[in-house]
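Residue numbers count from 1 along this sequence.
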Amino acid sequence: MSQSLFQKKILYRKHPKQSGFTLIEIMIVVVILGILASIVVPNIMGSPDEARIVKAKQDIRTLEGALNLYKLDNFNYPSTDQGLEALVSKPSGQPEAKNWKKKGYLKKLLKDPWGNEYLYLNSGADGDINIFSYGSDGRKGGVDSAADIDTTTL
């Protein structure tokens, strides 16, 4: 009942037990990925400063939203001295935060995309607040990525 070598080869060809990708298929996929990378990467890598500015603006909107919730609960924005820290832990001093949420308004304070703290100013006039970042240079003024970003420029 033994089969001849010729019969085994025919059976093998009829019922291959190996499966997978051929070298040609893998090479085609690698070439396609290379083409896509050559198109996409320069577009993404060419605008990191723009992405940081967009992130800073979004962070400022998030902080502004948390401050608005704080005001709804406590009838005032935190003072400049209480700062943005009032969103994370209950502030002391005036104005008193009588209805401060036990879990706070943010889990932690955000840093701007350049690693600096966001700054906060409450002028006290009709709830006129300003949240801002000095941009990439960390100094007041500047242009492009070093320009100041604040609630008035959103």
Side-chain angles (χ1 to χ4, degrees), residues 15-154:
H15 305 288
K17 294 182 182 178
Q18 295 179 337
S19 63
F21 297 107
T22 65
L23 182 60
I24 301 282
E25 291 169 330
I26 293 172
M27 288 176 59
I28 290 171
V29 169
V30 169
V31 168
I32 291 171
L33 290 175
I35 291 169
L36 288 174
S38 69
I39 294 169
V40 172
V41 170
N43 291 333
I44 293 173
M45 297 305 290
S47 59
D49 288 334
E50 290 175 32
R52 287 185 183 104
I53 291 168
V54 168
K55 182 180 183 329
K57 289 179 178 182
Q58 185 60 43
D59 287 350
I60 289 171
R61 285 186 190 106
T62 299
L63 290 167
E64 188 174 29
L67 284 166
N68 288 332
L69 290 174
Y70 179 98
K71 183 181 179 183
L72 283 173
D73 289 345
N74 299 289
F75 309 107
N76 293 303
Y77 289 113
S79 67
T80 300
D81 291 336
Q82 291 169 324
L84 294 172
E85 185 64 33
L87 299 173
V88 179
S89 60
K90 186 173 182 176
S92 59
Q94 293 297 321
E96 186 179 353
K98 294 179 183 179
N99 299 319
W100 192 84
K101 278 186 179 179
K102 291 181 182 177
K103 292 185 178 182
Y105 299 88
L106 293 174
K107 290 183 180 181
K108 65 178 185 171
L109 282 181
L110 306 170
K111 289 196 175 201
D112 73 13
W114 301 278
N116 302 314
E117 301 285 334
Y118 283 101
L119 304 169
Y120 169 73
L121 179 63
N122 181 347
S123 67
D126 297 325
D128 190 18
I129 60 167
N130 193 12
I131 307 160
F132 55 99
S133 166
Y134 285 140
S136 64
D137 65 353
R139 292 181 293 193
K140 189 173 184 175
V143 293
D144 297 327
S145 67
D148 300 348
I149 303 165
D150 63 15
T151 51
T152 62
T153 61
L154 296 180

Kindly compute the distance separating [atom1] ([X]) from [atom2] ([Y]), expressed to the nearest 0.5 Å.
X    : Y    : atom1 : atom2 : answer
W100 : K90  : CH2   : NZ    : 8.5 Å
E85  : K108 : CD    : NZ    : 13.0 Å
N74  : K98  : CG    : NZ    : 10.0 Å
S89  : L109 : OG    : CG    : 8.0 Å
D112 : K57  : CG    : NZ    : 14.0 Å

| task | Start with the C-alpha distance between T80 and N122, add both sets of side-chain angles, then the distance that settles side-chain hydrogen bond (donor to acceptor under 3.5 Å, both in side chains), and finish with yes or no. | result | CA-CA 5 Å; T80 300; N122 181 347; 5.6 Å; no
Flag side-chain contact, heavy atom, 4.5 Å: [X] against [Y]:
X    : Y    : value
I131 : L119 : no
S133 : W114 : yes
I26  : T22  : no

| said: What I want to check is whether the side chains of T62 and D59 have a donor and an acceptor closer together than 3.5 Å. | reply: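 There is no such pair between these side chains.
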| In terms of side-chain heavy atoms, does Y70 have a donor or acceptor partner in N76 at a distance below 3.5 Å? |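 Judged by distance alone, the side chains do not pair up.
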Do you know the tightest heavy-atom contact between [X] and [Y]?
X    : Y    : result
Y120 : L84  : CB-CG, 3.6 Å
P91  : Q82  : CB-NE2, 3.7 Å
V88  : K107 : CG1-O, 3.9 Å
D148 : R139 : OD1-O, 3.5 Å
E96  : Q94  : N-OE1, 3.7 Å
I60  : Y118 : CG1-CE2, 3.8 Å

| task | Might you work through the side chain to side chain contact (heavy atoms under 4.5 Å, CB included) test for I129 and L67, ending with a clear yes or no? | result | CA-CA 9 Å; I129 60 167; L67 284 166; 3.8 Å; yes
Strictly distance-based, threshold 3.5 Å: is any side-chain N or O of [X] a donor or acceptor partner for the main-chain N or O of [Y]?
X    : Y    : result
N68  : E64  : yes
S136 : S145 : yes
N130 : L121 : no

| query | Is atom CD1 of I24 surrounded by more than 12 heavy atoms (other residues, nucleotides or ligands) closer than 6.0 Å? | reply |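 No - once you tally the heavy atoms of other residues, nucleotides and ligands closer than 6.0 Å, there are 12 at most.
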| Are F132 and Y134 an aromatic pair by the rule of ring centers under 6.0 Å? |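 Under 6.0 Å, so yes.
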| task | Would you please test D81 and S79 for side-chain hydrogen bond (donor to acceptor under 3.5 Å, both in side chains) and show each step? | result | CA-CA 5 Å; D81 291 336; S79 67; 5.0 Å; no
